Amino acid sequence: MTAEKKIFSAAGEKEVTRAIVGEFAREFMEYVDSDVVIVGGGPSGLMAGRELCRANKRVLLIERNNYLGGGFWIGGYLMNKITVRTPADKEMDELGIPHSEISPGLHVADGPHACSKMIASACDAGLKIVNMTSFDDVVLRSDGSSEGSRVAGVVINWTPIEALPREISCVDPIAVESKLVIDATGHDACVVRKLEERGVMSTPGFGAMWVERSEDLIVEHTGEAYPGLIVCGMAVSTTFGVPRMGPTFGAMLLSGKRAAEVALEKLG
Ligand code: 48H
């Protein structure tokens, strides 16, 4: 009997499993001590990650969902068009996102196209991403000086753990150390909220909508909110009480970029 001619290689089940487990573990080991950990893979987090990786920093992005992009896929009202106001159209040009100017200074693009270009660009730059992983707590360190504590990493767990009943989910989280953490978790501002829960910060929550004011303020307030912790995107709004801006994303792109600049200044 002649050997059956196969289209695919002979790799079987065990090789597939070894490839997944081995490569995940190998990469994860490298990133348990990162320059920057970004929590949240929406537009601001992806933009910050892309910029930091382009500056050769070791950056790990943690995302609780099995997809990336946050609110960037669908602009508003379940319609998958997103808008950006000038000058953020330049960022879309750089990311290769097609867009058109609908009225002076207001640009429209397709959410899925914009989002996938942004994800690809961040990955191309070298951003390492772990999905289905939720931020649980901060690593806080104090050197005993009057400056108090600083954020030195994040405590994380598999997202499905949260959904399990308490009596069957006694799974301790693990921690990743980093020189800086960026809170890019959108409206929830999970990292900032955790510091609030611990009594070391207080936040006003995001303000009512006012597009014309909001975007400038978001970019201006992007920066270190607590030693070791930088906030960007909608988390800035929640942290500082800045008005929200609805489904227009220019400030998310510029805030992500600004967060990376602040991080690079701090990393030296
Ligand atoms: C891991 C987490 C956790 C957690 C959340 O909401 P996002 O898109 O955030 P931004 O700030 O990059 O962009 C905001 C924009 O999408 C938006 O909603 C705007 C402009 N709204 C204006 C308005 O007026 O409402 O993405 C945040 C990401 C998501 O992917 C979450 O799943 C993730 O963070 N995330 N990841 N651990 N605890 N919490």
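Positions are given from 1, in the same order as the sequence printed here. Indexing begins at 1, ligand by ligand and atom by atom, following the structure's order. No experiment lies behind these values; they were computed from the predicted model shown. The basis for the numbers below is simple: all heavy atoms, side chains too, and nothing from hydrogens, waters or symmetry mates.
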When you measure from [atom] to every protein heavy atom, which one gives the shortest distance, and what is it?
atom: atom 37 (N) of ligand 1; value: Phe135 N, 2.9 Å
atom: atom 27 (C) of ligand 1; value: Ala184 O, 3.5 Å
atom: atom 8 (O) of ligand 1; value: Gly71 N, 2.8 Å
atom: atom 18 (O) of ligand 1; value: His187 CE1, 3.1 Å
atom: atom 30 (O) of ligand 1; value: Glu63 OE1, 2.6 Å
atom: atom 34 (O) of ligand 1; value: Gly40 CA, 3.2 Å
atom: atom 9 (O) of ligand 1; value: Gly186 CA, 3.4 Å
atom: atom 35 (N) of ligand 1; value: Arg64 NE, 3.7 Å

Atoms of ligand 1 close to [X] [distance to a heavy atom under 4.0 angstrom, numbered from 1]:
X: Thr133; value: 1 (C)
X: Gly246; value: 20 (C), 21 (N), 22 (C), 23 (C), 24 (O)
X: Phe249; value: 15 (C), 16 (O)
X: Gly233; value: 11 (O)
X: Ser134; value: 37 (N)
X: Gly42; value: 8 (O), 12 (O), 26 (O), 28 (C)

Which residues, ordered by chain and number, are linked to Val21 in its hydrophobic cluster, where ILVMFWY side chains connect at heavy-atom gaps below 4.5 Å, directly or through other members?
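Direct or chained contacts put Val21 with none.
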Using a 4.0 Å heavy-atom cut-off, which part of [X] comes near ligand 1: side chain, backbone, both, or neither?
X: Met245; answer: both
X: Ser44; answer: both
X: Phe206; answer: neither
X: Met252; answer: side chain

For [X] and [Y], does a side-chain donor sit closer than 3.5 Å to a side-chain acceptor?
X: Asp110; Y: His99; result: no
X: His107; Y: Thr86; result: yes
X: Ser255; Y: Ser44; result: no
X: Glu162; Y: Ser134; result: yes
X: Ser202; Y: Glu196; result: no
X: Tyr31; Y: Ser178; result: no
X: Arg244; Y: Ser214; result: no

Please indicate whether any nitrogen or oxygen in [X] is less than 3.5 Å from any nitrogen or oxygen in ligand 1.
X: Asn65; answer: yes
X: Ala235; answer: no
X: Cys232; answer: no

Could you tell me which non-hydrogen atom of Gly148 sits nearest to which non-hydrogen atom of Ser142, and how far apart they are?
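Smallest heavy-atom distance, with atoms named: O-OG, 3.9 Å.
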Determine the minimum heavy-atom distance between Lys117 and Ile97, stating which atoms define it.
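For Lys117 versus Ile97, the nearest heavy atoms are CB-CG1, 3.8 Å.
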Starting from the C-alpha separation in whole Å, work towards a yes-or-no answer on side chain to side chain contact (heavy atoms under 4.5 Å, CB included) for Met209 and Met245.
CA-CA 5 Å; Met209 198 178 295; Met245 74 299 294; 5.6 Å; no
Check for me whether Met47 has a heavy atom closer than 4.0 Å to any atom of ligand 1.
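Heavy atoms of Met47 never come under 4.0 Å of ligand 1.
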Are Leu106 and Trp210 connected in the hydrophobic side-chain network, where two residues link if heavy atoms are under 4.5 Å apart?
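Result: no, two separate clusters.
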Do you reckon Val171 sits in the same ILVMFWY cluster as Ile156, going by side-chain contacts under 4.5 Å, direct or chained?
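Yes; tracing contacts between hydrophobic side chains, which count when under 4.5 Å, links both residues.
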